[in-house]
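Both counts, for ligands and for their atoms, begin at 1 and track the order of listing.
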Amino acid sequence: MLSLLRRITQEVTAAQSLPVALDIIVRRVRRAMRAEVCSIYLVDPNTNEYILMATRGLNADVAGSASLKADEGLVSLVGRRAEPVNLEDAHIHPSFHYLKGTGEERYRSFLGVPIIHHRQVLGVLVVQHEDKRRFDEGEEAFLITLSAQLAGVIAHAEATGAMTSLSVNAAPAGSDFRYKGVAGSSGVAIGRGVVVYPPADLDVIPDRTVDDCATEVEEFNQALDAVRQDIRRASNRLSQHLSNDEKALFDVYLKILDDNAWSKDVESKINAGNWAQGALRQVIQTHIAHFDRMDDPYLRERASDIRDLGRRILSHLQAKAPNLAERFEEPSIIIGEELTASMLGEVPLDKIKGLVSVMGSGNSHVAILARAMGIPTVMGALDLPYAQLDKVNLIVDGYLGQIFTYPSEHLTQNYQQIVDEERQLEEEYETLKDLPCVTQDGYRLSLYVNTGLTADIARSLDRGAEGIGLYRTEVPFMVRDRFPTEAEQEHIYRQQLEGFAPAPVTVRTLDIGGDKSLPYFPISEENPFLGWRGIRVTLDHLEIFMAQIRAMIKASAGLHNLKIMLPMISHVAEVEEALALIRRAYAEIKEEGYDVKMPQVGVMIEIPAAVYQVKELASLVDFMSVGSNDLTQYLLAVDRNNPRVADLYNCFHPSVLRALHSIVKQVKNEGINLSVCGEMAGDPMGAIILMAMGYDVLSMSSTSLPKVKAVIRNISMDQAQNMLDQVIHLTHADAVTQTMTRLMREANIERLVRPAKTTTH
Ligand code: PEP
Ligand code: MG
């Protein structure tokens with residue numbers, strides 16, 4: 001049963017278009033259940049009618065046109081109830097409605113199950129028999145399981161349907177296809193897509209239109225030849241060690257390579273306008289799917305040979321391809337299945353207008369970096385047919401988390417207006433640079449920045465930052481291919497400390513693990529956010545911890561503006577241990593003759609356990625900074641990177657607000673400096689709430705800083721506290737956002753937050 005389910009899902013997933021996918025489903029389900037009829041009805045989102053999209057058993061001529069109203073027939077009953085309906089004799093049911101032209105009058109028994117994706121009923125899957133007999137429990141369970149598995153595939157095929165039917169040459173300008181994701185970094189970008197992908201991975205190769213097909217065919221044939229030679233060489237090299245049987249494996253490879261049929265297939269796809277890598281991907285995937293469907297295990301195994309050969313040909317093709325930087329000739333929007341922070345290091349940032357990642361969410365580290373750099377970004381666009389968007393005109397709406405492909409002139413003009421408004425706001429912000437962040441009734445709030453890149457220093461000073469509240473040291477670790485030495489680290493940290501002196505610079509010890517991995521120190525875990533991360537790694541590797549602390553302290557010589565911050569603290573003992581090590585490093589460096597002072601040491605409050613021990617922790621350290629990104633993730637048990645649960649990740653959830661409020665109340669009289677350095681601090685709404693709660697410092701990306709300053713300077717602390725009073729007892733996160741939006745509108749500060757136009761799309 002399991003393998004049958006898997007095979008059907010695989011086949012449907014590999015289908016090139018929605019109609020093909022639906023046809024596979026009805027054909028395979030009818031056969032698997034030995035039913036006389038299997039049909040799929042999908043909901044038309046405009047009319048809410050159920051349209052018969054595919055059928056085996058009913059009259060296929062009416063597929064695509066026969067439909068049932070939203071309250072008509074058994075199919076719509078299944079949809080309305082979002083539950084299966086299993087009937088021995090459908091005709092006597094009060095909801096039965098004969099759908100003309102389908103020929104269903106012969107069929108008495110009826111089993112319909114809803115197809116539900118993300119709480120939305122997409123349609124209904126139906127099987128029918130002539131005899132009056134109820135489908136048994138096993139059959140019902142099979143259909144429910146299959147429908148649940150296929151719902152995501154159908155939703156994806158529906159969302160991408162219009163796109164996938166296009167040939168690479170036919171770009172339908174003005175189609176305004178819209179894809180939803182989650183907001184990663186605010187702002188709007190208009191530009192052309194550049195699809196990026198990790199090397200030698202066939203599955204992520206995009207389609208790309210080419211004019212010079214002859215050169216592509218030639219390069220493909222050269223790559224094919226190169227692989228033939230590689231295999232012959234490997235076979236000769238190993239010939240003494242292998243038996244004839246084993247050597248035959250190489251012959252199988254060579255036979256596949258010499259099989260003209262599939263190489264001709266690749267050539268014809270190239271001649272239709274796709275580049276060699278895209279054509280290779282299409283053909284290899286079709287062949288793999290074909291072998292995967294075979295019942296004979298020996299033949300099924302051939303799928304992996306084909307995949308392996310595909311990869312080998314690809315790597316020869318990629319060795320010839322121009323490198324990434326050469327592909328950015330014009331303002332570009334980078335698209336990738338899973339953009340990572342290190343990928344950003346490989347692209348020319350001055351050419352990049354926007355970013356789109358199919359995976360990840362608004363709190364992934366790549367989104368945080370994008371915000372720091374002010375690049376409009378959409379994350380978690382799961383249904384985006386990203387492989388087909390190379391060189392396609394796009395609009396990225398980082399406010400509402402949506403992407404438009406092939407935008408019309410009209411839509412482009414609308415969005416251009418938003419870009420112009422943003423520019424105007426930026427100019428308004430410019431005038432604030434040297435003004436203090438003070439409320440209308442004289443309350444002084446300090447605004448610091450979060451940094452990671454060296455370039456952040458100039459950008460932050462330019463925007464009037466009063467210090468660094470969080471320097472993420474993992475960023476310089478991530479862009480190298482080995483751990484930086486103590487001397488290298490000292491040099492990197494010195495730039496941050498010197499750039500801001502005499503203002504304070506909070507340097508956080510290495511916070512790797514979770515979604516931040518170092519290519520040269522891989523951590524592979526089932527549950528990385530609950531695993532070996534942050535202080536847990538560095539205390540287990542004293543050589544890493546001590547080199548980092550020593551480098552930080554040495555870098556502060558003569559400047560005395562260093563603060564050291566410890567991430568992921570969940571136990572008091574971790575702080576005690578780290579403090580002892582920091583004191584030891586300080587003593588050593590002092591002895592070595594450096595002009596240093598013992599730095600202030602603080603902890604991040606980002607794990608619920610720390611919230612409940614905040615007083616004890618406060619007694620050990622000089623300052624505390626709340627990491628609202630992780631605190632939200634851990635309090636709500638919502639992975640900050642997972643787009644499926646991105647809707648549940650919300651720092652305005654009442655429990656998060658109460659935890660934040662409780663932290664301030666608990667340490668109010670401990671004489672400790674308290675800041676927030678998570679993304680919430682850079683959200684004007686969040687900033688008002690946090691200031692009203694009593695946080696002394698808010699640390700954010702340099703991009704957010706002017707916006708937050710503009711808002712704070714335009715309200716009074718009284719108003720802010722009144723807003724807090726109105727939202728702190730609300731029970732729903734949405735109610736908090738709605739109430740704050742209303743209050744900010746009434747206080748006439750909403751216009752400072754984002755261009756008014758964005759709310760109209
Ligand atoms: C946080 O968790 O809020 C934080 C600032 O740290 P990071 O985002 O780097 O985990
Ligand atoms: Mg954190």
Side-chain angles (χ1 to χ4, degrees), residues 184-185 340-342 360-373 377 379 447-453 456 467-478 505-518 523 528-538 563-570 574 602-611 623-642 649-653 656-657 659-660 663 674-683 686-687 689-690 695 697-705:
S185 168
T340 60
S342 49
S361 79
N363 278 282
S364 304
H365 280 93
V366 68
I368 292 177
L369 271 185
R371 282 198 284 278
M373 295 187 284
T377 300
M379 304 288 295
L447 299 189
Y448 285 22
V449 272
N450 296 345
T451 60
L453 305 164
D456 288 335
I468 296 182
L470 165 64
Y471 169 44
R472 289 186 168 95
T473 56
E474 45 291 348
V475 178
F477 276 68
M478 277 186 317
V505 171
T506 316
V507 185
R508 181 172 73 181
T509 61
L510 197 61
D511 183 19
I512 50 168
D515 68 334
K516 285 178 289 192
S517 63
L518 302 177
I523 302 172
F529 276 115
L530 298 186
W532 206 42
R533 188 189 161 188
I535 196 80
R536 301 171 183 179
V537 178
T538 48
K563 293 167 100 174
I564 297 179
M565 183 152 76
L566 309 169
M568 283 289 288
I569 295 296
S570 56
E574 290 162 340
V603 289
M604 290 200 69
I605 306 294
E606 53 184 346
I607 295 179
V611 176
F623 68 94
M624 291 180 146
S625 191
V626 178
S628 56
N629 305 338
D630 278 314
L631 189 59
T632 305
Q633 144 163 284
Y634 293 126
L635 263 181
L636 303 183
V638 176
D639 180 343
R640 63 196 265 185
N641 273 329
N642 184 342
Y649 184 99
N650 194 331
C651 63
F652 297 115
H653 186 293
V656 179
L657 291 184
L660 288 162
I663 295 168
L674 194 56
S675 67
V676 177
C677 62
E679 295 302 299
M680 183 183 182
D683 174 332
I689 292 176
L690 294 168
Y695 284 91
V697 177
L698 301 184
S699 190
M700 62 203 70
S701 73
S702 58
T703 315
S704 307
L705 196 140

Could you walk me through whether Ser701 and Asn450 pass side chain to side chain donor-acceptor pair (under 3.5 Å), step by step? CA-CA 5 Å; Ser701 73; Asn450 296 345; over 6 Å; no

Return the residue, atom name and 0.1 Å-rounded distance of the protein heavy atom closest to atom 6 (O) of ligand 1.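 Of the protein heavy atoms, Arg508 NH1, 3.0 Å lies nearest.
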
Suppose we measure from atom 5 (C) of ligand 1 to each protein heavy atom; which comes out shortest, and what is that distance?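 Here the closest protein heavy atom is Cys677 O, 3.4 Å.
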
Salt bridge between Arg536 and Asp511, side-chain N to carboxylate O under 4.0 Å?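 Here Arg536 does not pair with Asp511 in a salt bridge, since their nearest N and O are not under 4.0 Å apart.
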
Return yes if some donor-acceptor pair links the side-chain N/O of [X] with the main-chain N/O of [Y] below 3.5 Å, else return no.
| X | Y | value |
| --- | --- | --- |
| Ser625 | Met604 | no |
| Asp630 | Glu606 | no |
| Ser704 | Met700 | no |
| Thr703 | Arg371 | yes |

Among the N/O/S atoms of Glu606, which is closest to the Mg ion (ligand 2)? Give the atom name.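 Nearest N/O/S atom: OE1.
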
How is the N/O/S atom of Asp630 that comes nearest to the Mg ion (ligand 2) named?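 The Asp630 atom nearest to the Mg ion (ligand 2), restricting to N, O or S, is OD2.
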
Test your reading of the structure: does Arg533 have an N or O sitting under 3.5 Å from an N or O of ligand 1?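 Indeed, backbone or side chain, Arg533 has an N or O that close.
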
With only distance considered, is Arg472 within less than 3.5 Å of ligand 1 through an N or O on each side?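 Indeed, backbone or side chain, Arg472 has an N or O that close.
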
Could a heavy atom of [X] be found less than 4.0 Å from some atom of ligand 1?
| X | answer |
| --- | --- |
| Lys516 | yes |
| Gln633 | no |
| Met680 | no |
| Met700 | no |

Side chain proximity check, Tyr634 to Met568, heavy atoms < 4.5 angstrom: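 Yes. Closest side-chain heavy atoms under 4.5 Å.
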
Got Leu660 and Val611 here, is their nearest side-chain heavy-atom distance under 4.5 Å?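 Side chain of Leu660 against side chain of Val611, heavy atoms only: no contact under 4.5 Å found.
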
Under the criterion side chain to side chain donor-acceptor pair (under 3.5 Å), I'd like the reasoning laid out for Thr538 against Thr509: C-alpha separation, chi angles, the key distance, then a yes or no. CA-CA 8 Å; Thr538 48; Thr509 61; 4.8 Å; no

In terms of atom number and element, which parts of ligand 1 are under 4.0 angstrom from non-hydrogen atoms of [X]?
| X | result |
| --- | --- |
| Ile368 | 8 (O) |
| Arg640 | 2 (O), 7 (P), 8 (O), 10 (O) |
| Gly678 | 3 (O), 5 (C) |

Between Leu470 and ligand 1, find which residue part has any heavy-atom pair under 4.0 Å and reply side chain, backbone, both or neither.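 The answer is the side chain of Leu470.
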
